[in-house]
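Below, each value reflects all heavy atoms present in this structure, side chains not excepted, and no hydrogens, waters or symmetry copies.
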Amino acid sequence: MIAGVDPDTIVYLNGDYVRLGDATISVLDRGFIFGDGIYDVVPAYQGKPFQMEDHLARLERNLAALSLETAFTRQDWEGLVLDILARSGKGRDCMVYIQVTRGVAKRDHAFPEGVRPTVFCMVTPFDRPHTQREHGVRAISIEDLRWLRCDIKSISLLGNVLAKQQAVEAGVDEVVQFRDGWLTEGASSNIWVVKDGVLLAPPRNQYILEGVRYRLLEQLAAQADIAFEARPISQEEVQQADELMMSSATREVLPIVELDGQPVGAGIPGPIYNCLRQGYDALIAALGDEA
């Protein structure tokens, strides 16, 4: 038994739906041995997937980046998400976790030939961050010490785990990472800066994961006539920001009201955040209007 995990949850593993408590893989799976795989997370509200097409497009980009081939088409991925939601996520706020590894093979660094990828999928309930969206979160600045392909949503997340643990030990909610003095991202989120009414984000490159919310918040900003710039952002600019925000699949978009023990702007959620939040909520509410 694992604390907080229901062993009777139905999961998908290599073509079969089984109890989580009965799902097993070989210890020689390359995901276990090398972290040789990718993943994605599709949030769902009341059992309806949110921004699924963008998540699955990123899933396919990451599979291609690792030269990891499956027999799945986009229609297959969509069917898997909808099917597992119908089986175990119906009517709930939850996330659909998809993981693909290169499969089981003799331990050797080179890609093996003729190996069937391992495809795993499960649904996990989550609570929307209502309190944090009203009061904001706190963060600390740290040096970004991860590898140089952060644009790949790899299951090799040790760098992110260590960064998140720094936040936990500091008693805050997230870290804001910098590489050579330039903003990259959080431990498990994209970071946004507001200065003089302009929404700023680091450029899309190998130093950050382009979160699905990256494109979404850019679109919401355009709809609200908020100026947006994607460019390198210095640590000094972050420290002098009028507003800071973080975004991720399950934490949506949240205001960072304190950085390194100092208030960000007025120390409360700011007007740009509130505007983007309203747009985000409207998209979630629209799911209920879908047939």
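Residues V18 and V11 meet the side-chain proximity criterion, which asks for heavy atoms closer than 4.5 Å. Side-chain contact between P49 and P43: absent, with no pair of heavy atoms (C-beta onward) separated by less than 4.5 Å. Within the 4.5 Å cutoff, no side-chain heavy atoms of I272 are placed close to those of D242. You'll find the side chain of V115 stays beyond 4.5 Å of the side chain of R102, heavy atoms only. At least one side-chain heavy atom of L259 sits under 4.5 Å from a side-chain heavy atom of S141. When side chains are defined from C-beta on, L63 counts as touching V100, because their heavy atoms get closer than 4.5 Å. For the pair L20/P7, no side-chain contact is recorded, criterion being any heavy-atom separation below 4.5 Å from C-beta on. Residues V104 and I25 are not in side-chain contact: their nearest non-hydrogen atoms beyond the backbone lie 4.5 Å or more apart.
For I142 against A163, the heavy-atom pair with the smallest separation is CD1-CB, 3.8 Å. Counting all heavy atoms, side chain and backbone alike, P255 lies closest to Q132 at CD-O, 3.9 Å. Between G91 and Q46 the shortest heavy-atom distance is O-OE1, 3.2 Å. When all heavy atoms are compared, the tightest approach of E185 to C150 is OE2-CB, 4.0 Å. Minimum heavy-atom separation, P125 to R92: CG-NH1, 3.2 Å. The two residues I84 and C121 come nearest to each other via the heavy atoms CD1-O, 3.3 Å.
The aromatic rings of Y45 and F50 sit perpendicular to each other, their planes meeting at more than 60°, with 30° as the lower class boundary.
By the rule that hydrophobic residues join a cluster once side-chain heavy atoms approach within less than 4.5 Å of another member, I208 and V176 end up as members of separate clusters. In the hydrophobic clustering of ILVMFWY residues, with side-chain heavy atoms under 4.5 Å counting as a link, L59 and L209 come out apart. A chain of hydrophobic side-chain contacts below 4.5 Å, direct or via other Ile, Leu, Val, Met, Phe, Trp or Tyr residues, connects L283 to V41. Under a hydrophobic-cluster definition in which Ile, Leu, Val, Met, Phe, Trp and Tyr are linked whenever side-chain heavy atoms come within less than 4.5 Å, directly or via other members, V257 and V175 are assigned to different clusters. No chain of hydrophobic side-chain contacts below 4.5 Å, direct or via other Ile, Leu, Val, Met, Phe, Trp or Tyr residues, connects V42 to M95.
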Given salt bridge (Lys or Arg N to Asp or Glu O under 4.0 Å), test D93 with K48 step by step and report yes or no.
CA-CA 8 Å; D93 292 344; K48 296 181 178 180; over 6 Å; no
When you look at D36 and T101, which way does the side chain to side chain donor-acceptor pair (under 3.5 Å) test go after all the steps?
CA-CA 6 Å; D36 184 3; T101 76; over 6 Å; no
Given side chain to side chain contact (heavy atoms under 4.5 Å, CB included), test V238 with Q240 step by step and report yes or no.
CA-CA 5 Å; V238 174; Q240 296 175 357; over 6 Å; no
Candidate pair S189 and R251, rule side chain to side chain contact (heavy atoms under 4.5 Å, CB included), full reasoning:
CA-CA 9 Å; S189 65; R251 302 182 80 182; over 6 Å; no
Worked check of side chain to side chain contact (heavy atoms under 4.5 Å, CB included) between M122 and T9
CA-CA 8 Å; M122 67 178 178; T9 297; 5.6 Å; no
Show your working on side chain to side chain contact (heavy atoms under 4.5 Å, CB included) between V193 and L244 and close with a plain yes or no.
CA-CA 5 Å; V193 178; L244 291 179; 3.7 Å; yes
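N190 contributes a side-chain N or O that, together with a main-chain N or O of G211, makes up a donor-acceptor pair within less than 3.5 Å. Under the 3.5 Å distance criterion, the side-chain polar atoms of N160 are left unmatched by any main-chain donor or acceptor of S188. Put simply, the side chain of S88 never gets that close to the backbone of L85: no donor and acceptor are under 3.5 Å apart.
With sequence neighbours left out, Q165 forms a side chain to side chain contact (heavy atoms under 4.5 Å, CB included) with V168, E169.
In the displayed structure, E53 atom CD is contacted under 6.0 Å by more than 12 heavy atoms of other residues, nucleotides or ligands. The neighbour count for F32 CZ, taken as heavy atoms of other residues, nucleotides or ligands under 6.0 Å away, does not exceed 12. Other residues, nucleotides and ligands contribute at most 12 non-hydrogen atoms within 6.0 Å of the CG atom of D127.
The ring-ring contact (aromatic ring centres under 6.0 Å, His included) analysis of residues 201-259, with sequence neighbours excluded, yields the pairs W192-Y214.
The distance from atom CD of Q99 to atom NZ of K153, rounded to the nearest 0.5 Å, is 11.5 Å. Taking NE2 from H55 and CD from Q51, the interatomic distance works out to 7.0 Å, rounded to the nearest 0.5 Å. The distance from atom OG1 of T118 to atom CG of L13, rounded to the nearest 0.5 Å, is 7.0 Å. Annotation: the span from L220 atom CG to R213 atom CZ amounts to 11.0 Å, rounded to 0.5 Å.
Put simply, the residue from Y39, F72, W77 that forms a side-chain contact (heavy atoms from CB on, under 4.5 Å) with I98 is W77. Just one of E218, M245, E229 meets the side-chain contact (heavy atoms from CB on, under 4.5 Å) condition when paired with L199; it is M245.
One finds no salt bridge joining R138 and D260 here, because no Lys/Arg side-chain nitrogen approaches an Asp/Glu carboxylate oxygen to under 4.0 Å. Ion pairing between a basic and an acidic side chain is recognised when a charged N comes within 4.0 Å of a carboxylate O; D144 and R146 show such pairing. Taking the charged nitrogens against the carboxylate oxygens, D54 and R58 have no contact shorter than 4.0 Å, which rules out a salt bridge. At a threshold of 4.0 Å, the pair E174-K164 counts as salt-bridged, since one of the basic side-chain nitrogens sits closer than that to a carboxylate oxygen. Between K195 and E237 no salt bridge is recorded (no basic side-chain N to carboxylate O distance below 4.0 Å). Using a 4.0 Å cut-off between a side-chain N of Lys or Arg and a carboxylate O of Asp or Glu, R74 and D76 do not qualify as a salt bridge. Using a 4.0 Å cut-off between charged side-chain N and carboxylate O, R179 and E143 make no salt bridge.
In this structure, R277 satisfies the cation-pi test against Y280, with its NZ or CZ atom closer than 6.0 Å to the six-membered ring centre and inside 45 degrees of the ring normal.
You'll find the ring centres of F120 and Y12 outside the 6.0 Å limit.
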